[in-house]
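First comes the structure, then the notes that go with it.
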Amino acid sequence: MTSPNTEAEHVEATNLLYRDPALYDAVQSDSTSAEMCQTLIELHRPDARTLIDFGCGTGRDLEILAKRFECIGVDFQPGMVDHAHQVRPGLDIRTGDMRTARLGKRMDVVTCMGNSLAYVHDSEEISQVFTTFAAHARPGALLVLCSPVAPITQAEPTVATVDTLRGTAMVTIRHEWDLRTQINTMHRHWVLPSGDEAQDEIRRRVLFPRELERYVEDAGFEVLDMADGTGAGLTGPTAYTVARYTRD
Ligand SMILES: C[S@@+](CC[C@H](N)C(=O)[O-])C[C@H]1O[C@@H](n2cnc3c(N)ncnc32)[C@H](O)[C@@H]1O
């Protein structure tokens, strides 16, 4: 395993938004994943009171979920955690690596949202992450994941505008798919409001549905649902997976 600090530093260095967590929050401000997560919890575990979120980033989902649950967040990038402490001081957000973290607490709900699982690329390390999920799950606990289950293979670059705190940025996105490693790389070219240009890339491991199911089950969870949140079943590329912990 690469040393956690080195890997967290590498993730931060390659993603422009992680170098500027305030920009990350601005770009993600229209995300509905916390609401989706809450709907799934209310459907499958309406009595849940406690929740732990692995790969919580700046805590933007936790801020919403903390209105309903007693929450802890864990992320391995000190920059994201520091930003979370500054802008969301009421939240319990800790620095930790989801491959190895052991908080000594078992919760009603374990979440890993916003594709955080996809930043772990090695199969053995993915198993370790699921062992971490199990180690923090009470009997009957719910696991809610939001992760890529199919690659984005679109060859043509797309251009989008992004509202940032300092004005509008323009980003051109190109996707690359490596079937052998199941890594989907998103290459971005930014033209920032200042006129400066920057490039970054995000490398995410795709776990196909049957493969994801296997990791979930091997760690002692039973899959209850896998859907993309559009109401159309599972069409990809991203899915919400809901599972129940079946061990004591
Ligand atoms: C795309 S962000 C998602 C953050 C948050 N869940 C959200 O939806 O806004 C992915 C996060 O996963 C975190 N991450 C990646 N690998 C991790 C690991 N091994 N342990 C803890 N956090 C990790 C990154 O630091 C980053 O904050």
Side-chain angles (χ1 to χ4, degrees), residues 1-38 40 51-66 71-85 87-88 91 93-103 109-133 135-136 143-148 152 162 173 183-186 188 200-207 215 229 237-241:
M1 186 191 296
T2 325
S3 101
N5 278 343
T6 312
E7 191 143 330
E9 281 161 16
H10 175 73
V11 168
E12 182 188 76
T14 53
N15 187 328
L16 183 78
L17 301 184
Y18 295 158
R19 280 176 259 150
D20 185 350
L23 177 60
Y24 177 87
D25 271 352
V27 169
Q28 298 291 341
S29 61
D30 59 353
S31 160
T32 55
S33 59
E35 287 80 2
M36 182 67 190
C37 183
Q38 189 158 332
L40 292 168
L51 181 151
I52 185 160
D53 185 31
F54 287 101
C56 67
T58 58
R60 59 179 190 91
D61 282 337
L62 275 190
E63 185 171 40
I64 298 167
L65 294 167
C71 295
I72 300 178
V74 177
D75 199 281
F76 80 161
Q77 284 191 75
M80 298 291 261
V81 174
D82 287 350
H83 179 77
H85 289 161
V87 299
R88 302 184 174 99
L91 296 181
I93 296 192
R94 307 178 187 190
T95 308
D97 188 323
M98 63 177 146
R99 294 168 293 186
T100 51
R102 294 293 180 272
L103 273 60
V109 182
V110 178
T111 61
C112 186
M113 307 289 290
N115 291 323
S116 298
L117 178 61
Y119 290 78
V120 182
H121 298 162
D122 175 78
S123 304
E124 185 55 39
E125 294 183 15
I126 295 168
S127 293
Q128 290 169 1
V129 171
F130 278 91
T131 302
T132 299
F133 294 159
H136 296 86
L143 176 66
V144 183
L145 308 175
C146 179
S147 63
I152 303 172
V162 176
I173 300 174
I183 304 283
N184 211 183
T185 306
M186 178 161 82
R188 294 187 298 204
D200 66 356
E201 62 172 45
I202 299 177
R203 300 177 73 241
R204 296 190 188 120
R205 163 88 186 255
V206 171
L207 294 179
Y215 282 108
T238 304
Y240 289 90
T241 301

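Indexing begins at 1, ligand by ligand and atom by atom, following the structure's order.
Per-residue contacts place R60 under 4.0 angstrom from the following atoms of ligand 1 (heavy atoms of the residue considered): 7 (C), 8 (O), 9 (O). Proximity to G114 (heavy-atom distance under 4.0 Å) selects the following atoms of ligand 1: 1 (C), 3 (C), 8 (O). With ligand atoms numbered from 1 in the order given, ligand 1 contributes 6 (N) to contacts under 4.0 Å with heavy atoms of M113. Taking every non-hydrogen atom of D97 and a distance limit under 4.0 Å, the qualifying atoms of ligand 1 come out as 18 (C), 19 (N), 20 (N). Near G96, meaning under 4.0 Å from any of its heavy atoms, are these atoms of ligand 1: 20 (N), 21 (C).
Summarising the contacts of atom 20 (N) of ligand 1 with M80, Q77, M98, the nearest heavy atom is found in M98. Considering P21, S116, G57 only, the shortest heavy-atom separation from atom 12 (O) of ligand 1 involves S116.
Ligand 1 is approached by D75 to a heavy-atom distance shorter than 4.0 Å. Taking a 4.0 Å cut-off on heavy atoms, Y18 registers as neighbouring ligand 1. Using 4.0 Å as the threshold, C56 has a heavy atom nearer than that to some atom of ligand 1. Residue contact check for ligand 1: C146 places no non-hydrogen atom closer than 4.0 Å to it.
Going from atom OG1 of T95 over to atom CG of D82 covers 7.0 Å, rounded to the nearest 0.5 Å. Between the OG1 atom in T132 and the CG atom in L103 there is a gap of 10.0 Å [rounded to 0.5 Å].
Remark: ligand 1 and G55 share an N or O pair separated by less than 3.5 Å (distance only, no angle test).
Contact annotation for Y119 and ligand 1: only side-chain heavy atoms (C-beta onward) come within less than 4.0 Å of the ligand. Counting heavy atoms closer than 4.0 Å to ligand 1, residue D61 contributes side-chain atoms (C-beta onward) but none from N, CA, C or O. Neither the backbone nor the side chain of A101 comes within contact range of ligand 1; no heavy atom lies under 4.0 Å. Only the side chain of Y24 comes within 4.0 Å of ligand 1, counting heavy atoms alone; its backbone N, CA, C and O stay farther away.
Between the side chain of R88 and the backbone N or O of T58, at least one donor-acceptor pair lies under 3.5 Å. A donor-acceptor pair is defined here as one N or O able to donate and one able to accept, closer than 3.5 Å; no such pair exists between the side chain of N115 and the backbone of A118.
What sits closest to atom 23 (C) of ligand 1 on the protein, heavy atoms only, is F76 CD2, 3.4 Å.
Here the side chains of V120 and R205 are not in contact, with every heavy-atom distance at 4.5 Å or above. With contacts defined as side-chain heavy-atom distances shorter than 4.5 Å, the pair F130/L143 qualifies. Annotation: side chain of F54 is not in contact with side chain of L117 (no heavy-atom distance under 4.5 Å). Within the 4.5 Å cutoff, no side-chain heavy atoms of D25 are placed close to those of E63. Side-chain contact between C56 and I93: present, with at least one pair of heavy atoms (C-beta onward) separated by less than 4.5 Å.
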R102/T131 under side chain to side chain contact (heavy atoms under 4.5 Å, CB included): CA gap, chis, key distance, verdict: CA-CA 10 Å; R102 294 293 180 272; T131 302; 3.6 Å; yes
Test F76 against M98 for side chain to side chain contact (heavy atoms under 4.5 Å, CB included), laying out the working first. CA-CA 8 Å; F76 80 161; M98 63 177 146; over 6 Å; no
